[in-house]
Amino acid sequence: QHAQLQLLAYNALTTYFTTHSHLTPEIEVLPPAFEPNDALLLEDGANLGVPKKILALAFVHARHLFFTRHTSDVEEERTKAHEATRIMLLFDPEHMTAANHRKRHLLNLKSCGDSEALVDAVWAERRFMDSILTSPLHRQSKSPTLWAHRAWWLDLSMPVLLVSAHHVPALFAGELDAAIKAGERHPKNYYAWLYARRVVRKRRESLGGAEWEDFLGTCAQKVKVWCMLHVGDISGFSFLVWVLGLVGAPGERARVVREMVRYVMDVRLANESPWTFVRMAMA
Amino acid sequence: MSLVSGPGRGVASLPAETRLVVDKHVRYVQSLDTRKDELEYWLTEHLRLNGLYWGMTALHLLGHPDALPRKGILEFVFSCLHESGGFGAAPGHDAHMLYTCSAVQIIATLDAFDELEAHMQDGRRKIGQWIARLQDPETGTFAGDEWGEMDTRFLFNAFLSLSLMGLLDLVNVDKAVQHINSCANFDGAYGTSPGAESHSGQVYTCVGALTIAGRLDLVNQERLGAWLSERQLKNGGLNGRPEKTEDVCYSWWVMSSLAMINKLHWIDGEKLTAFILGCQDPDLGGLSDRPGDMVDVFHTHFGIAGLSLLKYPGLAEVDPV
């Protein structure tokens, strides 16, 4: 009966993921009080509510399926394992072996030479990562394993997307936004803001001169406003200090610090974080 | 983090303990491996080897080194070893620096390098070489595995593992040291990489690595000491970064860092001791991140290690590194 329920839970979740793979579902894990009475999952189009119990049961089945197939020589078996990783990572975002299998899947497509399939898979991976990293999932949105996976994906995707002439600036803006959104989901999100730094650095590689300064300026403004709305968030402030350090115009840095000091004093904030920002920015 | 967790109280109304309930903790750690049928067992598979290290080390610190069977421990550890020389979290899991480090620490603690050789010919060297291959020749830092994530945590793992095996000469220590130096922030603390946010855990890994390399001269000890002492909150507990809540595991990350730079007295030890003791589950054993939460082996280990640093009577002495 236990095994049957595990299979039912697994099938329900897998079906949802597959039928919505062209979207970026927002996923929530439901506490017992909010469990649906008549179904395993709570579906509302691109929104999914999965009871914690159901997710755990699905995970047990998924891991068994994964470990019996992930090193198979048969492609179909490896694909089944790949499907299982979605549920594994949703439940256990630190499952490196599952994340690595997803990397291998993309590498296989790359070596096959079917560039269209690869581009599709690259975007699908991004949608999956957005779902897990930017949904209101407290543990997942801060996962070092998932953010490292995203960093690897970014390195892989850049040349692929450049070749097919996708709009690169929008991609970077999207990546930055994803990091900031995850920063909202999980306060003081160390690895999301670390990823944001990576995005900014990588942006510089494909941009130069005046465009780079524009990008930095926009980024600094965006994060400055974010920090003013999240005054207890040391990670946001830490990122702001860092990005201001890259800004070329000397007056710009001083202006932002002055704005922040004025704001902190006007609102009479006693939080450690904004003052840490001021200390660091002056150093 | 919800790691190998045990039955906890979950009630915040219990009085703070005034003593360490050693026997309860020993039994708690022993009970962890017997729950093979439970869901928990599968759910924490991705760090089983770490969990084993934490449990075993806690027992050693509590003065009960034989409470877990040596043979069983080593059998499991070796079952995680790949041909390549790296260890996964559990059998069938991909190799990674984090688990390799725990494996080497376990083998070193049990003085079991002979058994390692019996299991895999030239095992010590193979592991050393697996680790050494992960050093980035350009920056000097280390990746966690073939997929390339770089983090000073992995640098420390590498240094610790290699020094325990006497193989530090396999890597470019100077280059790695230079890299750590570039991770120093204006506040005196350290992050995962240059320019990253300061974090107590990363401070421990960076200062630990510098200690192993004999280069504490590179640390701004006054500034770092001040930053670390700011981690203590009114309730006596320590946090990991400004404005974060207290967590018993920082008793280790922060305190060992302070110990390495000889500023352990910059923290109120009495208050911290009381806080750590308050994190115990006095009925079923184990420690949680803060009083009243569910216990797990991760927090049990680091809470006890913190108490050892504070020279709590009856505990084995722990090396800050």
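Each chain gets a letter, A, B and so on, in the order the sequences are listed, and its residues count up from 1.
- Between A/Glu272 atom CD and B/Asn239 atom CG the span is 7.0 Å, to the nearest 0.5 Å.
- Side chains of B/Lys244 and A/Pro187 form no contact here, defined as non-hydrogen atoms less than 4.5 Å apart.
- Here the CG-CG distance, from B/Asp151 to A/Leu194, works out to 7.5 Å after rounding to the nearest 0.5 Å.
- With a 4.5 angstrom heavy-atom cutoff, A/Phe91 touches chain B only via side-chain atoms.
- Here the closest heavy-atom approach between residue A/Ser273 and residue B/Pro242 is recorded as OG-O, 4.4 Å.
- Here the CH2 atom belonging to B/Trp227 is positioned 10.0 Å from the OG1 atom belonging to A/Thr276, to the nearest 0.5 angstrom.
- Residue A/Val243: no heavy atom, backbone or side chain, is found under 4.5 Å from chain B.
- With a 4.5 Å cut-off on side-chain heavy atoms, A/Lys188 and B/Glu197 do not count as touching.
- In this structure, the portion of A/Tyr191 lying under 4.5 Å from any heavy atom of chain B is its side chain and not its backbone.
- For B/Phe76, the CZ atom sits in a packed shell: over 12 heavy atoms of surrounding residues, nucleotides or ligands are nearer than 6.0 Å.
- Side-chain contact between B/Leu47 and A/Glu94: absent, with no pair of heavy atoms (C-beta onward) separated by less than 4.5 Å.
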Take A/Tyr190 and B/Gln202 through the side chain to side chain contact (heavy atoms under 4.5 Å, CB included) test and state the conclusion after the steps. CA-CA 11 Å; A/Tyr190 192 90; B/Gln202 308 299 143; 3.9 Å; yes
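- Atom NZ of B/Lys263 sits in a crowded spot, with more than 12 heavy atoms from other residues, nucleotides or ligands closer than 6.0 Å.
- Of residues 96-104 of chain A, those residues with a non-hydrogen atom less than 4.5 Å from any non-hydrogen atom of chain B are, in numerical order, A/Met96, A/Thr97, A/Asn100, A/Lys103, A/Arg104.
- Heavy-atom distances place no part of A/His149 under 4.5 Å from chain B, backbone and side chain included.
- The parts of B/His93 that come within reach of chain A are both its backbone and its side chain, each placing non-hydrogen atoms under 4.5 angstrom from that chain.
- Using a 4.5 Å cut-off between heavy atoms, A/Ile234 touches chain B through backbone and side chain atoms alike.
- Between the CG atom in B/Asn185 and the CH2 atom in A/Trp242 there is a gap of 12.5 Å [rounded to 0.5 Å].
- Taking the side chain as every heavy atom from C-beta outward, A/Asn271 and B/Glu243 approach each other to under 4.5 Å.
- For chain A, the nearby part of B/Ser193 is the side chain; its heavy atoms alone come within less than 4.5 Å.
- With no hydrogens or angles considered, a side-chain donor-acceptor pair links A/Ser235 and B/Arg241 at under 3.5 Å.
- Closest non-hydrogen pair, A/Arg197 versus B/Ala196, comes out as NE-CA, 3.8 Å.
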Donor-acceptor pairs under 3.5 Å, side chain of residues 58-66 of chain A to any protein atom, not counting sequence neighbours: which ones?
residue, atom, partner, partner atom, Å
A/Arg63, NE, B/Glu45, OE1, 2.8
A/Arg63, NH2, B/Glu45, OE1, 3.3
A/Arg63, NH2, B/Glu45, OE2, 2.9

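- Note on ring orientation: taking the six-membered ring where Trp is involved, the planes of B/His46 and A/His95 are tilted (angle from 30° to 60°).
- Contacts between A/Leu246 and chain B at a heavy-atom distance below 4.5 Å are absent for every atom of the residue.
- Residue A/Arg201 comes nearest to B/Pro194 through the heavy atom pair NH2-O, 2.9 Å, listed as atom of the first residue, atom of the second, then distance.
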